[in-house]
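Whatever order the structure lists them in is the order used to number ligands and atoms, beginning at 1.
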Amino acid sequence: MPKRVLILGATGSIGRSALEVAAALADEIRIVGLTAGSDAASLAELARRFSVPAVAIADENAFDQLRRAVPAGTRVLAGAEGLVELVQTTEADFVLAAIVGAAGLPATLAAVEQGRVVGLANKESLVMAGALLMPLAVARGATLIPVDSEHSAIFQALHAGRREDVRRVILTASGGPFRSWPAERIAAATLAEALRHPTWNMGPKITIDSATMVNKALEIIEAHWLFGLPPEQIDVLIHPESIVHSLVEFQDGSLIAQLGTPDMKTPIQYALTYPRRVPGIADRLDWRQVGCLRFELPDPARFPALELGYAAARRGGCSGAVFNAANEAAVTHFRNGRIPFGRIVRLAEQVLGRHVDVAQPGLADLLAADRWAREEVERCL
Ligand code: NDP
């Protein structure tokens, strides 16, 4: 029987790559639901192409357009609650969480509550609410399979030994477009420059996060929750070629890495077919073309975001939610031309510094912290 797959964030970079993978594995994958934020035309087109029985769109104003554009008989839901309802009422064997930002949390949470196998690309939901999502997954029998390439690499490398024998994990980072730029030039980088990632082709928010290295900071927190590791056992290493996707170091000094081309279709497919490995459509690594692989330590002076990631992971509580929300708000302001590039991380740092935390926050506390951080960014401007 084909695996029934629901894709949250189907119109995005990860969502579309997942649909390409699904099309290549049409015998074993059936798409049972798709969602988008506001792009009704693309969602309807994907629903038609993959004969999808149910769709949901977050923007309620796009409901009529979507309803008119999908084939008769397609179930159509709208609003943030519509996305959650789709997750709750769709019989799915696998849910791909690929919405961008904190907006992905409610639907991801719903998938975990349903005890689904969840392919997690939406790192922000874990950064925000890892303290709730991880125990909930255990309680509901849900399985989280990382889709982020670094975490997929670590997940795969962990199969080489016992958890208690792990010494540390090493997240690799391309270093982004400004890896070798001086601080003054980074501070004044334009939007076009920030969107020009040297190795990965991704959606705009994560591309900007890669340029500030906030993406790696979020990944530190993501790894902390996914693998139950304290921040001091999570290292970051710059690797400009993006071939070694991350490493696990065991107690005996052995380092186990996962390598491949920088193509998200590989970790997406691995999550979809896990634990099987089947021929895929991603480009294969050609060793004749690879040449040399470089590794460098990150420069905390030019990329202060990394330390913020460690600080938020160490503090726990609502710190992840605050850091994530402040960054999201700052990135939006940068994209709208309201602040210079250099202000993004400074704003996140300022807001994180002003936050007064609560111990053992519940969902309401985390959502309140997210709101507060966004308002605090406005107050700082
Ligand atoms: P994109 O911006 O390309 O796509 C985002 C998706 O989320 C779209 O389907 C979009 O719909 C939808 N969306 C946007 N806002 C909302 C909202 N308020 N409510 C519901 N849905 C919404 O992002 P990416 O695919 O690049 O990234 C998705 C996630 O995957 C992120 O968390 C990112 O960090 C993570 N990730 C991405 C990688 C990549 O290579 N792209 C690599 C590793 C992780 P619409 O099209 O209608 O706006």
Common cluster, V95/V52, ILVMFWY with side-chain heavy-atom separation under 4.5 Å | no
Main-chain N/O of G161 paired with D165 side-chain donor or acceptor, under 3.5 Å | no
Pairs flagged by side-chain hydrogen bond (donor to acceptor under 3.5 Å, both in side chains) wherever residues 347-367 is involved - sequence neighbours left out | S319-D357, R354-E376
How are the rings of H159 and Y274 set relative to one another: parallel (under 30°), tilted (30 to 60°) or perpendicular (over 60°)?
-> perpendicular
Give a yes or no on whether F227 and I221 share a hydrophobic cluster (residues Ile, Leu, Val, Met, Phe, Trp, Tyr; joining criterion: side-chain heavy atoms under 4.5 Å apart).
-> yes
Given the rule in the side chain to side chain donor-acceptor pair (under 3.5 Å) test, do D370 and N324 qualify, once you have shown the distances and angles that lead to the verdict?
-> CA-CA 8 Å; D370 175 282; N324 177 63; 4.8 Å; no
Identify, chain by chain and in numerical order, each protein residue with a heavy atom under 4.0 Å from an atom of ligand 1.
-> G9, A10, T11, G12, S13, I14, A36, G37, S38, D39, A58, L83, A98, I99, V100, A103, A121, N122, K123, E124, D148, M202, G203, P204, I206, M264
